[in-house]
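First comes the structure, then the notes that go with it.
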Number of protein chains: 2
Amino acid sequence: MDTTQRTDQQRSADRRRRELLEAADRVVLRDGPQASMNAIAAEAGITKPILYRHFGDKGGLYAALAKRHTDALLSSLRAALDAPAERRERVEATLDTYLAAIEALPQVYRFLMHPVEGGQTADQGFDTGNHSVPLLRRMGEELAQVIEERVDLGPNSQQLARVWGHGIVGMMHAAGDWWLGERPCSRAELVRSLADLLWGRLAAAGDKVGGPGF
Amino acid sequence: MDTTQRTDQQRSADRRRRELLEAADRVVLRDGPQASMNAIAAEAGITKPILYRHFGDKGGLYAALAKRHTDALLSSLRAALDAPAERRERVEATLDTYLAAIEALPQVYRFLMHPVEGGQTADQGFDTGNHSVPLLRRMGEELAQVIEERVDLGPNSQQLARVWGHGIVGMMHAAGDWWLGERPCSRAELVRSLADLLWGRLAAAGDKVGGPGF
DNA sequence: CTCTGTCGTTACCGCAAGTAACATGCTAGT
DNA sequence: ACTAGCATGTTACTTGCGGTAACGACAGAG
C-alpha cells in the first residue's frame with residue numbers, strides 16, 4: 001500500500017534523524033559549541049549532504065538539537081514550578097533544578113546559550129530582533145505564564161509577569177554562568193542567595209555607613 | 001635620539017590604532033556582529049594584514065573594541081550607581097542608564113554580548129571556564145563591589161554581594177534583550193517593573209486562587 | 001526491462017580567517 | 001651620496017568551513 005510504505009519510510013527517516021541528533025550530541029559534548037558539520041557527519045558515519053537533507057542548514061540542526069535539550073530542561077523546570085508547595089520552596093526548587101542541569105552538562109549548556117550562528121548567508125535587514133537565544137526566551141515566557149497564573153499582581157499583571165519572567169530567568173542564567181566558571185560556593189548557597197535577592201533582601205538591608213577608607 | 005624617534009613612532013601607531021578602531025566601530029554598527037575583517041579593513045582604507053599586525057587576530061580586535069564600549073558604559077553606570085540618592089532611585093537610574101545605552105546602539109550592544117568567536121583555532125581543553133562574555137562579567141563584578149561597599153549584608157557579605165551583582169546584571173541584561181526585541185512597554189515602565197521585582201514584590205504578592213480554567 | 005524516487009557519495013563553489021612574501025619610503029650610519 | 005635597517009603597506013596564497021550540484025547505487029511499480 002501507499003500509506004504503509006510511506007509510514008515505513010517516515011519511520012526510517014525519523015530513526016535516522018534521531019541517530020543523527022545523537023551523534024551531533026556526542027560531538028557537541030566533545031568539541032564544544034563550534035562543532036563542525038563535517039565532524040558531526042563523520043561521527044554519524046555519513047557525509048555532509050545527508051545532514052543538510054535532514055536539517056536544511058546548520059541553524060536547523062542547531063534548532064533541532066536545542067529543542068531536545070530545551071524541552072527536557074523545561075519539563076524539569078515545570079515540575080519544580082508546579083509543585084504544590086510554598087512559593088519560596090518552589091522558587092528554590094526551580095533554581096536548583098536549573099543549576100543542577102547546567103552543572104551536569106556544561107558543554108551542552110554552553111552550546112544552547114552561545115549558538116555561534118555566524119553564517120555568511122545574509123539574514124541582513126534585521127534591526128534588533130532575531131539573534132536566536134531561544135532557550136532563554138522560552139524559559140522566560142514559560143516562567144511569565146506561571147507567574148501570571150499563580151500570583152496576584154493586580155492590574156497590568158500580564159506585562160509585569162513577562163518582565164519578571166525574563167528578568168528572573170536572566171538572573172538565574174547569569175549567576176549560574178558565573179558560578180560555573182568560578183565555583184565560589186556550593187549550589188545550595190547560591191540558590192539561597194538568589195532566592196533572598198528575589199525576596200527583597202536588597203531593599204530591606206540597611207546602608208553601610210563607614211566606607212572602607214573613611 | 002632613539003627615544004624621541006620611538007615616541008613619534010609610538011604616537012603614530014597609537015593614532016593608527018584609534019583610527020582602525022573607529023573604522024571597525026562604523027562597520028560593526030552597520031553590519032552587525034558578523035562584520036568581516038575584510039570589510040573593516042576596507043572601511044579603514046587599508047588591507048587585512050595591517051589589522052592583524054595591530055590586533056593579532058579577530059579576537060584581539062574584538063577585545064580592543066569591546067574594551068572601549070565596555071569602559072564607556074561602565075563609567076556611565078558607575079555615575080548612576082554612586083549618585084548621592086536613595087537606594088531605590090540609584091537602582092532605577094542605573095537600570096535606566098543601561099537600557100538607554102542598549103536602546104541607542106543596539107548593534108554595538110549585540111556585538112558586545114554575542115561575540116561569535118567561533119574560530120577554528122583550537123582552544124581545546126577548556127572544561128567550563130572561558131567563553132568570553134566579558135562585559136556581563138565586568139558589570140557583575142563592578143556592581144558586586146558597589147553593593148558590598150554600600151549595603152550592610154551581615155556576615156558573608158562579599159560572597160552574597162557577588163552573587164547578587166551577577167544576578168542583577170543578568171536580570172537587567174535578559175529583560176533588556178527581550179524588551180529590545182518586542183518593545184512591549186516604555187523604558188520607564190520596564191525600569192519600574194524590574195525595580196519592583198528587586199524590591200520583593202514577588203514575595204509580597206498574594207496567591208491567585210481561581211485559575212483561568214477553574 | 002525500464003522508470004522513478006530515496007539514500008548515499010564525490011567533487012566542487014564561495015567566503016572568511018590568517019599568513020608569506022614582496023614592495024616602498026624614511027631615518028641613520030659610514 | 002650609497003646602503004642597511006625598519007616600519008608600513010600591498011598582492012597573492014593557504015586552510016577550513018558552510019552549503020550545493022551532479023552523479024551513483026538500490027528498491028519497488030508498470
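Order of the sequence lines fixes the chain letters, A, B, ..., with proteins taken first and strands second; residue numbering starts at 1 for each chain.
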Taking atom [atom2] of [N] as reference, at what distance in whole Å does atom [atom1] of [X] sit?
X	N	atom1	atom2	value
Leu20(B)	dT8(D)	CG	P	11 Å
Glu19(B)	dG9(D)	CD	C1'	14 Å
Gln34(B)	dA16(C)	CD	P	10 Å
Asp31(A)	dC17(D)	CG	P	10 Å
Phe55(A)	dT20(D)	CZ	C1'	18 Å
Leu51(A)	dG19(D)	CG	P	11 Å

With a 4.0 Å cut-off on N to O distance, would you call [X] and [Y] a salt bridge?
X	Y	value
Asp25(A)	Arg18(A)	no
Asp96(A)	Arg192(A)	no
Glu19(B)	Arg16(B)	yes

Closest approach to the side chain of [X], judged atom by atom: which nucleotide of [options] is it?
X	options	answer
Tyr52(A)	dG9(D), dT19(C), dG18(D)	dG18(D)
Asp57(A)	dG19(D), dG9(D), dT19(C)	dG19(D)
Arg53(B)	dA21(C), dT20(D), dG18(C)	dA21(C)

Within a 6.0 Å radius of atom CZ on Arg88(A), are there more than 12 heavy atoms belonging to other residues, nucleotides or ligands?
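Count over threshold, so yes.
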
Counting neighbours of CD on Gln158(A) that are heavy atoms of other residues, nucleotides or ligands and sit closer than 6.0 Å, is the number greater than 12?
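Not buried by this count: 12 neighbours or fewer within 6.0 Å.
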
Using rotation axes that map the C1' atoms of four end pairs onto the next four (five pairs an end), what angle separates the end axes of the helix from dC1(C)-dG30(D) to dT30(C)-dA1(D), to 10°?
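Computed angle between terminal axes is 30°.
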
Do any of residues 36-48 of chain A sit with a heavy atom less than 4.0 Å from DNA chain C, and if so which?
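Listed by number, they are Ile46(A), Thr47(A).
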
Taking only residues two or more places apart in sequence or in another chain, which ones pass side chain to side chain contact (heavy atoms under 4.5 Å, CB included) with Val28(B)?
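If we apply the side chain to side chain contact (heavy atoms under 4.5 Å, CB included) test to Val28(B), skipping adjacent residues, the hits are Ala35(B), Leu65(B), Phe111(B).
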
Over 60° means perpendicular and under 30° means parallel, so classify the ring planes of Trp178(A) and His166(B), tilted if in between.
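Judged by the thresholds at 30° and 60°, the geometry between His166(B) and Trp178(A) is parallel.
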
On DNA chain D, does the nearest nucleotide to Ile50(B) precede the nearest nucleotide to Pro49(A) from the 5' side, or the other way round? Give the residue.
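Comparing both residues, the 5'-ward one is Ile50(B).
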
Under 3.5 Å, is there a donor-acceptor pair between the side chain of Trp179(B) and the main chain of Cys185(B)?
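Yes, because the side chain of Trp179(B) sits within donor-acceptor range (under 3.5 Å) of the backbone of Cys185(B).
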
Between Thr70(B) (side chain only) and Ala66(B) (backbone N and O only), is there a donor and an acceptor less than 3.5 Å apart?
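Judged by distance alone, yes, a pair lies under 3.5 Å.
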
